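Taking it in order: structure first as structure tokens, then the write-up.
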Amino acid sequence: QVQLVESGGGLVQAGGSLRPSCAASRRTFSTYAMGWFRQAPGKEREFVATISWSGGSTFYADSVKGRFTISRDNPKNSVYLQMDSLKPEDTAVYYCVARRNYCSRCGEGDYDYWGQGTQVTVSS
């Protein structure tokens with residue numbers, strides 16, 4: 001079992017930056033692929049980014065490519081999402097996810113573990 005706890009969301013103006021983080025409970029965190037999904041009010045949950053266990057492979061949704069960067073620190077059991085040039089349409093609850101094997105195009109049903117989410121609000 002892997003428990004995931006997100007933090008670092010908040011309110012920011014358009015064009016600003018935030019860096020949510022996710023702490024994992026398990027020492028074998030380094031063997032899991034990690035990712036982020038988000039869900040805006042009234043919309044379906046959507047994929048944002050994913051990173052392999054080593055950090056050597058990453059994949060992003062087209063809507064965030066070039067603005068968001070996913071990274072991880074295995075000794076700290078943590079994964080991060082650096083969000084720059086934020087837009088009002090980035091407003092959503094952001095969820096940290098984990099699965100055993102890296103998958104660049106997996107959907108939400110393919111991830112085994114989910115955090116409780118952290119709210120990100122971008123004002124115009």
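Note that the structure is a prediction, hence the values are computed from the model and not measured. The figures that follow rest on heavy atoms only: side chains count, while hydrogens, waters and symmetry mates do not. All residue numbers in this chain count up from 1 along the given sequence.
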Spell out, yes or no, whether [X] and [Y] are grouped together once hydrophobic residues are joined by side-chain heavy atoms under 4.5 Å, including indirect joins.
X	Y	answer
Val79	Val120	yes
Tyr80	Val93	no
Leu4	Phe29	yes
Val2	Leu81	yes

Side chains of [Y] and [X]: any donor to acceptor distance under 3.5 Å?
X	Y	value
Arg72	Asn74	yes
Ser21	Ser7	yes
Arg99	Tyr111	no

Without swapping roles, check the side chain of [X] against the backbone of [Y] for a donor-acceptor pair under 3.5 Å.
X	Y	value
Thr58	Ile51	no
Glu6	Cys96	yes
Thr50	Met34	yes

Task: Cationic N near anionic O, under 4.0 Å, Asp62 to Lys65 - done: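 Looking at Lys65 together with Asp62, the answer is yes, because their closest N to O distance falls below 4.0 Å.
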
Any [X] side-chain heavy atom under 4.5 Å of [Y] side chain:
X	Y	result
Gln1	Tyr113	yes
Arg38	Val64	yes
Gln119	Thr121	yes
Ile70	Tyr60	yes
Ser54	Tyr102	no
Met83	Asp90	no
Phe68	Trp36	no
Gln39	Tyr95	yes

Give, for atom [atom1] of [X] and atom [atom2] of [Y], the distance between the pair rounded to the nearest 0.5 Å.
X	Y	atom1	atom2	answer
Cys22	Tyr94	SG	OH	15.0 Å
Arg105	Asp110	CZ	CG	13.5 Å
Cys103	Phe59	SG	CZ	9.5 Å

What's the shortest heavy-atom distance between [X] and [Y], and which atoms?
X	Y	result
Arg67	Leu86	NH1-CA, 3.9 Å
Thr31	Arg100	OG1-NH1, 2.8 Å
Ser124	Ala14	CA-CB, 4.4 Å

Open item on the list: One pair to check against side chain to side chain contact (heavy atoms under 4.5 Å, CB included): Gln3 and Val5. What are the steps and the verdict?
Closed with: CA-CA 7 Å; Gln3 292 184 322; Val5 179; 5.5 Å; no

Task: Ring geometry between Trp114 and Phe37 (parallel below 30°, tilted from 30 to 60°, perpendicular above 60°) - done: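 Aromatic pair Phe37/Trp114 classed tilted.
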
